[in-house]
Engineer: 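Please see the structure below; I have some questions.
Lettering of chains follows the sequences in order, A, B, ..., and the numbering in each one begins at 1.
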There are 2 protein chains.
Amino acid sequence: MESKLAVAALGALAHETRLEVFRLLVRAGAGGLSVGRIAEGLGVEANGRLSFHLKELVGAGLAVSRQEGRFIYYSTNYPVMNDLLRYLTEDCCGGLGCGEVVDACSPEKCV
Amino acid sequence: MESKLAVAALGALAHETRLEVFRLLVRAGAGGLSVGRIAEGLGVEANGRLSFHLKELVGAGLAVSRQEGRFIYYSTNYPVMNDLLRYLTEDCCGGLGCGEVVDACSPEKCV
DNA sequence: TCCATATTTCAATAATAATTGAAATCTTGG
DNA sequence: CCAAGATTTCAATTATTATTGAAATATGGA
């Protein structure tokens, strides 16, 4: 992962609402959630502000969206999330083997 | 970890210089690096700007500093780093066991 | 087609963070 | 104690990001 992508992703997460959205999506798994469900999960309205924050997460590469009927579903971009975590912990302690993130979450391994 | 602490930590990392400082410190391990060495590792001057960024990392809980002789050493705050990574991946996919960060780096386990 | 639900866009304003350069502090060897 | 290296503080300026509210678009069912 490039430094600029990581900065963009971290900047997107450095906001209370977006961080909660991200965590909600991580919990939701590969299927994701509609905007309405996200708003519900956060206890906020599905308004322009939420839409803006969702767009920011997508712009930073941390989420993807897809249209399904009249709903739009957002879901975590797991490969980018894993890249980001790896980038943060890379070569920890000079590579002395004290543990490094490989894949924090791989939805394809879910039961 | 509380949401506000996570936002502060992510905000501190969402900056090119600070992110590189953090990664440098992660690589350096528990002993950390003096400000001069950090500047060297980044290819910048040890000036007010770098000092400000280091203070930001400490303020966000991601690093700690200690004075040793006429040098000041900064090092990663590993427990906070691990908390942050756990916070981001918590209950991934609803807890279906697709892998979650436990401890990305535990310097006490280093060889 | 028309309506209701779902979601986004936009522009103005407000708030926060980054950069600069110069001066100040702190530490130890001579 | 003084000088030099190491690091920090501060205030002014500039740049970036967030919030608000209202209007716009898109979709599927009656």
Side-chain angles (χ1 to χ4, degrees), chain A residues 3-25 28 31-76, chain B residues 3-25 28 31-76:
Chain A
S3 168
K4 298 214 171 171
L5 297 180
V7 168
L10 291 163
L13 292 173
H15 183 285
E16 194 144 15
T17 301
R18 289 195 297 261
L19 180 56
E20 289 318 308
V21 169
F22 180 77
R23 284 169 25 95
L24 197 59
L25 294 180
L33 294 171
S34 68
V35 177
R37 289 297 188 139
I38 293 170
E40 208 177 302
L42 262 66
V44 304
E45 272 191 88
N47 57 14
R49 204 178 336 153
L50 179 57
S51 182
F52 166 77
H53 290 315
L54 290 170
K55 210 180 52 170
E56 291 278 294
L57 285 172
V58 172
L62 289 166
V64 295
S65 69
R66 69 178 195 280
Q67 183 123 18
E68 212 165 283
R70 80 169 79 180
F71 301 95
I72 293 176
Y73 283 79
Y74 283 84
S75 52
T76 304
Chain B
S3 167
K4 298 214 171 169
L5 297 179
V7 168
L10 292 163
L13 292 173
H15 183 284
E16 194 143 15
T17 301
R18 289 195 298 261
L19 180 56
E20 288 319 309
V21 169
F22 179 79
R23 282 168 26 94
L24 197 59
L25 294 180
L33 296 171
S34 69
V35 177
R37 289 298 187 138
I38 293 169
E40 209 177 301
L42 262 67
V44 304
E45 271 192 90
N47 57 14
R49 204 178 336 153
L50 179 58
S51 183
F52 166 78
H53 290 314
L54 290 169
K55 211 181 49 169
E56 290 278 296
L57 285 173
V58 171
L62 288 167
V64 296
S65 68
R66 68 179 195 279
Q67 184 121 20
E68 210 164 284
R70 80 170 77 181
F71 302 95
I72 293 176
Y73 284 78
Y74 282 83
S75 51
T76 303

Engineer: Whole-Å distance between D:dT8 C1' and B:Ile38 CD1?
Structural biologist: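 Whole-Å distance recorded here is 14 Å.
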
Engineer: C:dT7, D:dT9, D:dT8: which one has an atom nearest the side-chain heavy atoms of A:Val35?
Structural biologist: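 Looking only at heavy atoms from C-beta outward on A:Val35, the closest nucleotide is C:dT7.
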
Engineer: I need the NE2-C1' distance between B:His15 and D:dT16, as an integer number of Å.
Structural biologist: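 It works out to 11 Å between those atoms.
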
Engineer: If every non-hydrogen atom of B:Gly32 is compared with every non-hydrogen atom of B:Ser75, which pair is closest and at what distance?
Structural biologist: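 Heavy atoms of B:Gly32 and B:Ser75 come nearest at CA-CB, 3.6 Å.
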
Engineer: What does A:Gly36 touch in the nucleic acid at a heavy-atom separation under 4.0 angstrom: a base, only the sugar-phosphate, or nothing?
Structural biologist: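 Counting heavy atoms under 4.0 Å across all strands, the contact made by A:Gly36 is with sugar-phosphate only.
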
Engineer: Show your working on side chain to side chain contact (heavy atoms under 4.5 Å, CB included) between A:Leu24 and A:Phe22 and close with a plain yes or no.
Structural biologist: CA-CA 5 Å; A:Leu24 197 59; A:Phe22 180 77; over 6 Å; no

Engineer: If you check every side-chain atom of B:Arg49, which of C:dA18, D:dA18, C:dT20 has the closest atom?
Structural biologist: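 Closest of the options to the side chain of B:Arg49: C:dT20.
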
Engineer: Would you kindly compare A:Lys55 and B:Glu56 by the position of their nearest DNA chain C nucleotide and give the one closer to the 5′ end?
Structural biologist: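 Result of the comparison: A:Lys55.
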
Engineer: Search all heavy atoms of B:Val35 against all heavy atoms of B:Ala46 and return the closest pair with its distance.
Structural biologist: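 Looking at all heavy atoms of both residues, the closest pair is CG1-CB, 4.1 Å.
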
Engineer: Starting the side chain at C-beta, find the nucleotide from C:dT7, C:dT8, C:dT9 nearest to A:Ser34.
Structural biologist: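 Among the listed nucleotides, the one closest to the side chain of A:Ser34 is C:dT7.
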
Engineer: Does B:Tyr73 place a side-chain N or O at less than 4.0 Å from the phosphate oxygens OP1/OP2 of D:dT7?
Structural biologist: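 For D:dT7, neither OP1 nor OP2 has a side-chain N or O of B:Tyr73 closer than 4.0 Å.
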
Engineer: Please confirm whether the backbone N or O of A:Ala63 pairs with a side-chain atom of A:Thr76, one donor and one acceptor, at under 3.5 Å?
Structural biologist: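 No, the answer is negative, given that no donor and acceptor are paired below the 3.5 Å cut-off.
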
Engineer: Grab the CG-P distance between B:Asn47 and D:dA6 for me, whole Å please.
Structural biologist: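 Distance check: B:Asn47 CG to D:dA6 P gives 14 Å.
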
Engineer: Starting the side chain at C-beta, find the nucleotide from C:dT8, D:dT20, C:dA18 nearest to A:Ser51.
Structural biologist: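 Among C:dT8, D:dT20, C:dA18, the one nearest the side chain of A:Ser51 is C:dT8.
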
Engineer: To the nearest Å, how far apart are B:Leu33 CG and D:dT7 C1'?
Structural biologist: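 Answer to the nearest Å: 15 Å.
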
Engineer: Taking atom C1' of C:dA6 as reference, at what distance in whole Å does atom CG of A:Leu50 sit?
Structural biologist: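 Rounding to the nearest Å, CG of A:Leu50 and C1' of C:dA6 are 12 Å apart.
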
Engineer: To the nearest Å, give me how far apart CG (A:Leu54) and P (C:dT9) are.
Structural biologist: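 Whole-Å distance recorded here is 11 Å.
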
Engineer: Write down the atom of B:Leu19, the atom of A:Ser3, and the distance for their closest heavy-atom approach.
Structural biologist: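 Minimum heavy-atom contact is CD2-O, 4.1 Å.
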
Engineer: Touch check for B:Arg37, heavy atoms < 4.0 angstrom, all strands: base, sugar-phosphate only, or nothing?
Structural biologist: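 Here B:Arg37 touches no strand at all.
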
Engineer: Quick test: give all pairs of protein nitrogen or oxygen and nucleotides 27-30 of chain C nitrogen or oxygen below 3.5 Å, distance rounded to 0.1 Å.
Structural biologist:
| unit_1 | atom_1 | unit_2 | atom_2 | d |
| --- | --- | --- | --- | --- |
| C:dT27 | O3' | B:Gly69 | O | 3.4 |

Engineer: Take atom CD1 of A:Ile72 and atom C1' of D:dG28, then tell me their distance rounded to the nearest Å.
Structural biologist: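 Result: 14 Å.
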
Engineer: To the nearest angstrom, how far is B:Leu57 atom CG from D:dT8 atom P?
Structural biologist: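 In whole Å, D:dT8 P and B:Leu57 CG are 12 Å from each other.
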
Engineer: Any side-chain N or O of A:His53 below 4.0 angstrom from OP1/OP2 of D:dT19?
Structural biologist: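 Result: yes.
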
Engineer: In terms of side-chain geometry, is the basic nitrogen of A:Arg66 or A:Glu68 positioned less than 4.0 Å from the acidic oxygen of its partner?
Structural biologist: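 Yes, charged N to carboxylate O under 4.0 Å.
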
Engineer: Can you tell me if B:Arg18 uses its side chain to pair, donor with acceptor, with the backbone of B:Leu13 under 3.5 Å?
Structural biologist: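 Judged by distance alone, no pair lies under 3.5 Å.
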
